[in-house]
There are 2 protein chains.
Amino acid sequence: MGTTQLETVPEPKYWHLKTVLSEALDSDFAVGEILPNERELAARFGVARATLRQALEQLELEGRLQRRRGVGTTVAPPRVGVSVGTEQHDWPGTAGDAWQAVDCAVGAPPLAVARLFDAEALDEVHTVRRIRTTHGQSVAAELLYVPASSVPDLTAIDAPSGPARARSVLRELQRLDLEGQDRAVELGSARADDAKELDRLPGAPVLVVTTRYFSLGRTVAVSVATYRADTCRLTFGDSGDVQISHDGHRQAS
Amino acid sequence: MGTTQLETVPEPKYWHLKTVLSEALDSDFAVGEILPNERELAARFGVARATLRQALEQLELEGRLQRRRGVGTTVAPPRVGVSVGTEQHDWPGTAGDAWQAVDCAVGAPPLAVARLFDAEALDEVHTVRRIRTTHGQSVAAELLYVPASSVPDLTAIDAPSGPARARSVLRELQRLDLEGQDRAVELGSARADDAKELDRLPGAPVLVVTTRYFSLGRTVAVSVATYRADTCRLTFGDSGDVQISHDGHRQAS
DNA sequence: CAGTGGTCTAGACCACTCG
DNA sequence: GAGTGGTCTAGACCACTGG
């Protein structure tokens, strides 16, 4: 091509594009504003649509953009800080936590979870589904695994499933002494069911927080919470809502 | 087309492919084993290479695969648990921590970091670069920002840069009273410099851990550490090396 | 050097949203 | 139905690794 290309390091087009777009986002767009559509942007920058999309994907991954099929691409607000923190040395389901129990089922947990329990009574595990919302939007979906042996006094009165049952399980859990917990964070991609709860497509990047709850020297419950990686910043410690993320955000229009 | 397509939910090809590959990984491959190359795999599954790559990307994101240009695609070992935890209520650079200081520079920090400090003496900020290695591989690259005002007794004897200087800054920092710290985790993509340290391509997904250090009621230092998201599981709390992640991993061949 | 994954193109069709 | 992003194809060339 006849362009004046003196660069010794052939930076990928999509990478350069991402940088350019990122700067444009800082200076020319307000939060919530809709960008031109992909075909138009691609034409404007003289690249194929796939290349343009590669740049947009990165920006979405970094929480700068939000894309919705049938709607368009909008400038995302800064990530919200959600506390996963140590201030909450409590059982899940304690009054006032940010979660809402939506369902419950009984069955064998997935292998990766089963491995975290002592191998006993693994067929009888209550699986509580909970949703966490902040500022009106769902930010996380959780599966809480509680072996039946951890809540021996759980009555069989109500149905084995449904939100009422979920709350019963949580209530029983809270009667135990919480000796400690153990947390890990890793990157994952949303399973179909989680994706639905989080209003994302399957495969969307999520932060998976695995928590083990200890009591009586045993692992009595395991929580696997998947947070939207695009919109969330997980905070640990004292202050939960400090402004980090990128710069130059002007507020909504 | 004339295919027998009865599926009511047209699952994307790459998603289905990912599932199939994932199961094959569990049953037919050992950690470290090399997969057939992309062109061959694509042909074998009857899809375009781009589609196959979409599936591989997902699996790499989930830490199941490792791809290296010029080499091939290998089955990744389970993620290593790296402790970012609370057991370490200490200044960075305390003897025995997992980090190695490699360099130091002076200058204004990026805007997003500057915002975390009280607006004072922001032109004079020491930036210490450190690397964290576990089991022989680099897992994280960090930039530690220390305003000159936080370390007033730092002598001007040695050069303003280099590893020796970095250690001096850390030493001065440790003389302060650490009142508390504050941590946040979010998803990001590796900048070019970090990518190089981590032996990844620019844009690779990383877990960004931002830590603020408090002393005398002020923020005296900020650390921005980027961990390889494909190979790391960040652990908080007591035990740091428990087996989570997926199942069926057979060990090296 | 041959073989690998990484980038890029120019198209096509599909699934979804909204007026 | 018009317009959006999501998926998919069949090619091409490039950058890197290793023998």
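Per chain, numbering begins at 1; letters A, B, ... match sequence-line order.
Across the interface with DNA chain C, nearest-nucleotide mapping of B/Glu38 and A/Val47 shows B/Glu38 to be the residue nearer the 5′ end. Where A/Arg39 and B/Gly70 each meet DNA chain C at their nearest nucleotide, the meeting point lying more 5' is that of B/Gly70. The residue among A/Ala50 and A/Gly72 whose nearest nucleotide of DNA chain D is located toward the 5' end is A/Gly72.
Across all their heavy atoms, A/Val169 and A/Cys104 have their closest contact at CG2-SG, 4.1 Å.
The distance from atom CG of B/Leu201 to atom P of D/dC16 is 9 Å, rounded to the nearest whole Å. Whole-Å rounding puts the A/Ile34 CD1 to D/dT4 C1' distance at 10 Å. B/Arg67 has its CZ atom 15 Å from the C1' atom of D/dC16, to the nearest Å.
The shortest side-chain heavy-atom distance between B/Thr19 and B/Leu21 does not fall under the 4.5 Å cut-off.
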*Carefully, step by step, assess A/Arg129 and A/Asp194 under the rule salt bridge (charged side-chain N to carboxylate O under 4.0 Å, His left out).*
CA-CA 10 Å; A/Arg129 210 204 219 308; A/Asp194 289 330; 2.6 Å; yes
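Here A/Arg49 lies in heavy-atom contact (under 4.0 Å) with a base. Among the protein residues, A/Arg53 comes within range of the nucleic acid bases, having at least one heavy atom under 4.0 Å from a base atom.
For the pair A/Glu60 and A/Arg64, the salt-bridge criterion is not met [side-chain N within less than 4.0 Å of a carboxylate O]. The pair B/Arg53-B/Glu38 meets the salt-bridge criterion, with a side-chain N (NZ, NE, NH1 or NH2) lying under 4.0 Å from an Asp/Glu carboxylate O.
Between A/Asn37 and D/dG3, a side-chain N or O to OP1/OP2 separation shorter than 4.0 Å is absent.
The nucleotide range of DNA chain C contacted by chain B, defined by atoms under 4.0 angstrom from heavy atoms of the protein and reported 5' to 3', is C/dG3 to C/dA15.
Ring-plane geometry between B/Phe236 and A/Phe236 is classed as parallel, the angle between the planes falling under 30 degrees on a 0 to 90 degree scale with a further cut at 60.
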